[in-house]
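Protein chains get the first letters and strands the later ones, always in sequence-line order, with residue 1 at the start of each.
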Amino acid sequence: MADRYRYDPKEIEPRWQRVWADERTWEVSNEPDGREKAYVLVMLPYPSGEPHIGHLKVYSVGDAVAHFRRRQGFRVLNPMGYDAFGLPAENHAISTGQHPRQSTDEAIAAFRQQFHEWGMSIDWSRELATHDPSYYRWTQWIFLQLFEHGLAYRKEAAVKWCPNDQTVLANEQVIDGRCERCGHEVEVRQLEQWFFRITDYADRLLDDLDTIEWPEHVKTMQRNWIGRSEGAEVVFRCEELDIDYPVFTTRPDTLFGATFFVMAPEHPDVFRLVAGTEYEQAAHEYVNHALNESNEERGAADKEKTGVFLGRYVVNPVNGERLPMYVADYVLMEYGTGAIMAVPAHDERDHEFAKRFGLPIREVVAGGEDVQAQAYTGEGPLVNSHPDFDGLPNREALQRIVEWLDREGKGHASVNYRLRDWLLSRQRYWGCPIPIIHCERCGIVPVPEEDLPVVLPDIADYAPKGRSPLAAAEDWVNVTCPSCGGPARRETDTMDTFVDSSWYFLRYTDAHNDEAAWDPAVVDRWMPVDQYIGGVEHAILHLMYARFFTKALADLGHLNIQEPFARLFTQGMITRSGAKMSKSRGNVISPQSYVERYGADTARCYILFIGPPDQDADWSDTGVEGVHRFLGRLWRMSAEVADTTGDEPVPEELSADDLELLRKAHWAIEKVTNDMAGRFAFNTAIAAIMELTNTVSKQREEGDPSTGALRFALATAASLLFPFAPHVATDAYERLTGRRVWEEPWPTADHRYLERETYELVCQVNGKVRDRVQAATGASREELEALCLSASRVRAHVDGKDVVKVVVVPERLVNVVVR
RNA sequence: GCGGCUGUGGUGGAAUUGGUAGACACGCAGGCUUCAGGUGCCUGUGGGCUUUACGCUCGUGGAGGUUCGAGUCCUCUCAGCCGCACCA
């Protein structure tokens, strides 16, 4: 056959990409035009090297949603930007001497070009990069807003320090005691750092999860991370030293079962308690040992309990008992008050410790088997406690005991969170400068708003030295105090890159605003993001921080929403031979190699066809070829039909072959629409278009359909395919109809073609399919029953037996129950 | 340990509320086209059994249960993945 009908993505794709770029097809105005808005957002990429296969997947999903919504009549915002600050670019600079800005800008150029080559329908007029002063000027402005309202503060704290990257880390960036970035073991250091007061928002971050449509597992991860525990704070008094020690407990009902008291090794009072006593040396040795132990060693769950007696006692406020005090590393300074009451009968850790140190174990909640042998953590009535509470179910006793503590001034109901404040300062170069000036006289002084941005200066040496490399930029560091005019120094720490990405979705709405971070009226028109799409790896960090920023900015009057992302979709990973792609495994596949070989349409379509997009999927080279063949078949048939037939309409009088084509076409419209609207079932949507294409192919070979019906079926296939493979779909559609498919409304199924006069009635005997017969749509139950019973293969299984029951499901099946 | 997810042919997966298990695709086998390879197209393809009938039977990790009917619901259990984890 002539070359004319060879599917050539290398010709088709650039041709349409040029049209979209020249006509700025995907740009959208901020001015309302009567259409409802839809903000479709894919998490912005971190530009490093070239896009990988995960980028192809996530942007293919986002683009399909954007196209679908546009053609459904929505005004769609689908922007793109780059999360451009961060350690990889800086580490690259340290090893090569190349300025991080240069390597970052090169990566951005590569990303931008590939997104174009993939045919993504992005509104490029709103493109942003977080390392651009016109962007981070407003990151600094937000920092100052939070600072001025007490939500950003500086304090000395025991922080996680990565000795390799020479920087502090957020709690969230420490995985199993190791640096998330480089994997090096993390140390604890006492340093003065900047924090955001995210803990103030713990309850709202928790409660508002109920208001958003997110995958349950992501919500669960956030709930666990916030880690809200309800209980009571109870005060234990050390009478010898006249000090009160409050503890947090979720089980105040077990207060009468407390038999000892434990402090964390980091607790500031440990040394004071033992000072000058015979226990001093042992306590010091123990604490030093515990603090030198790595987090990993200390955190091992199966590790034996250790600790030492401090020679002191505290008084249990509920019964006046004197409890011996210990220091033990199973108590954590960073949770609760750094000290606990120990109830070995009803807490496994305390039980283990008590066994090891021969401490008494007193049952106060009945229901366990033998608390001497094993802690009982279940429910039950109180025993061995106090006549006022004994016999009460422990839940009820808990309430009553807390009320009693409150009346006596010995405690009160309390809530504790696992969530810590967000440590945002980094002693690194390639980040957004913190707009603060330290003045000897005035202390911490914010940079005046009109002086923003504080531009990141160029420096010669990026290597980390335990303080920010920026400190070396003397000209930049030394300034006059904006408050008193005296000598002062700039803050040299930079911000965690998660600060940059915690508000970028707001900037897209008003990306060129030089007067403000955004115009509140414009932001109102677009926010919240209707569909956010990205990887689960951001389930905690980015998604929690962005929610916190949104709430804080709303409280400060800059936003009118409480949640930034109304719906969230998290896509699964693409694996290769069942394993995560990595350079060390050597199983990395480059999306570009497939785009060059098969075209972007094939690569995009395959990645959506491979399986449900929220699940992990294994890349298969032969699978790609299957999709390529399908696209080629659809294009070739469209081109041939367009060239060899006239512009005939679908005829009034339909032949049986025409009817089959129209039915399949309308069935596919219905199927694809439902698969895209209700869930992101792109794989079954594409399968439906394949079925339609196969039907067309079969009709052309074997049937005698009218050219009108043929054109309609093919144009429908192209139209439905457009969100997944925009170039080939556009080209095929234009050949068939002379029109541009993206300007066409999304097709709607004509239900007349979906309803049939007859259908295949499944005939079962005892739940087993025995026959299938044609039944008239709308036939009565009696008719269906008779039809089934008269079927020959049904009779073979029914004759000679008693019919016990007949179940009729109209439009589906009849089940005859025999004995 | 706690929480979440997944388990279906040789492979990826389909089956939206309990109602024909295996759509669609890959792979494989056979055929057509071709000097040949490739491309393209057609046919077949869960296992077993036999009387080869489009017939029976088994079959959705395993074992029970509910139901006329279970991949789908319930109970128990196994395997794998992810998150959190000495959080009081």
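Taking the syn range as angles within 90° of 0, the glycosidic angle of B:rG9 is syn.
Counting only heavy atoms from C-beta outward, the side chains of A:Met341 and A:Val234 never approach each other to under 4.5 Å.
Note on A:His797: only backbone sugar-phosphate atoms sit closer than 4.0 angstrom, heavy atoms only; bases stay farther off. Contacts of A:Asn416 with the nucleic acid, taken as non-hydrogen atoms under 4.0 Å apart, are absent. Across all strands shown, A:Val762 has heavy atoms under 4.0 Å from base atoms, whether or not it also approaches the sugar-phosphate. Counting any heavy atom pair closer than 4.0 Å across all strands shown, A:Gly626 reaches sugar-phosphate atoms only and no base atom. A:Arg772 comes within 4.0 angstrom of a nucleotide base, judged by non-hydrogen atoms across all strands. Contact annotation for A:Glu760: base contact, defined as any heavy-atom pair under 4.0 Å involving a base atom. Here A:Arg770 lies in heavy-atom contact (under 4.0 Å) with sugar-phosphate atoms only.
The backbone N or O of A:Val728 sits less than 3.5 Å from a side-chain atom of A:Asp601, completing a donor-acceptor pair. In this structure a side-chain-to-backbone donor-acceptor pair under 3.5 Å is missing from A:Asp771 to A:Ala791.
For A:Phe261 and A:Tyr326, the ring centers are positioned 6.0 Å apart or more. Proximity of the aromatic rings of A:Phe724 and A:Phe609 is defined here by a centroid distance below 6.0 angstrom, and this criterion is not met.
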Distances under 3.5 Å between nitrogen or oxygen atoms of protein and nucleotides 6-12 of chain B:
{"unit_1": "B:rG12", "atom_1": "O2'", "unit_2": "A:Ile610", "atom_2": "O", "d": "2.8"}

Give every pair of a protein N or O atom and an N or O atom of nucleotides 66-75 of chain B that lie under 3.5 Å apart, one pair per line with the distance.
{"unit_1": "B:rC68", "atom_1": "OP1", "unit_2": "A:Lys805", "atom_2": "NZ", "d": "3.3"}
{"unit_1": "B:rC68", "atom_1": "O2'", "unit_2": "A:Asn815", "atom_2": "ND2", "d": "3.2"}
{"unit_1": "B:rC68", "atom_1": "O2", "unit_2": "A:Asn815", "atom_2": "ND2", "d": "2.6"}

Between the protein and nucleotides 1-5 of chain B, list every N/O to N/O distance that falls short of 3.5 Å.
none

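For RNA chain B, runs of at least 3 consecutive pairs of the Watson-Crick or G-U wobble type, with both hydrogen-bonding distances under 3.5 angstrom, map to B:1-7 with B:78-84, B:10-12 with B:24-26, B:27-32 with B:40-45, B:46-49 with B:55-58, B:61-65 with B:73-77.
The aromatic rings of A:Trp635 and A:Tyr7 are tilted relative to each other, their planes meeting at an angle between 30° and 60°.
The side chain of A:Thr249 has B:rA88 as its nearest neighbour among B:rA21, B:rA14, B:rA88. In this structure, of B:rC84, B:rC24, B:rC86, it is B:rC86 that holds the atom nearest to the side chain of A:Asp329. Of the candidates B:rA23, B:rG83, B:rU16, the closest approach to any side-chain atom of A:Asp675 belongs to B:rU16.
Of the N and O atoms on the side chains of A:Arg228 and A:Tyr417, at least one donor lies less than 3.5 Å from an acceptor on the other residue. Side-chain atoms of A:Asp421 and A:Thr199 form a donor-acceptor pair, as typed in the model, at a separation below 3.5 Å. A:Tyr598 and A:Glu625 share a donor-acceptor pair across their side chains, judged by distance under 3.5 Å alone. With no hydrogens or angles considered, no side-chain donor-acceptor pair links A:Glu369 and A:Gln374 at under 3.5 Å.
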(message) Please determine whether side chain to side chain donor-acceptor pair (under 3.5 Å) holds for the pair A:Ser229 and A:Tyr335, giving the CA-CA distance in whole Å, both sets of side-chain angles, and the decisive distance to 0.1 Å.
(response) CA-CA 11 Å; A:Ser229 301; A:Tyr335 187 78; 3.2 Å; yes
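To the nearest 0.5 Å, the span separating CD on A:Glu304 from NZ on A:Lys355 amounts to 14.0 Å.
In this structure, the CZ atom of A:Arg795 is 15 Å from the P atom of B:rG55, given to the nearest Å.
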Under 3.5 Å, sequence neighbours excluded: what are the donor-acceptor pairs made by side chains of residues 678-691 of chain A?
{"unit_1": "A:Arg679", "atom_1": "NH2", "unit_2": "A:Asp675", "atom_2": "OD1", "d": "3.1"}
{"unit_1": "A:Thr684", "atom_1": "OG1", "unit_2": "A:Asp675", "atom_2": "OD2", "d": "2.7"}
{"unit_1": "A:Thr684", "atom_1": "OG1", "unit_2": "A:Ala681", "atom_2": "O", "d": "3.1"}
{"unit_1": "A:Glu691", "atom_1": "OE1", "unit_2": "A:Lys664", "atom_2": "NZ", "d": "2.9"}

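In this structure, A:Arg547 is not positioned above the aromatic face of A:Trp225 in the sense of NZ or CZ being under 6.0 Å from the six-membered ring centre and within 45° of the axis.
Within residues 334-345 of chain A, the residues having any heavy atom closer than 4.0 Å to RNA chain B are, in order of number, A:Tyr335, A:Ile340.
The 5' end of RNA chain B is approached more closely, in terms of each residue's nearest nucleotide, by A:Ile686 than by the other of A:Glu701 and A:Ile686.
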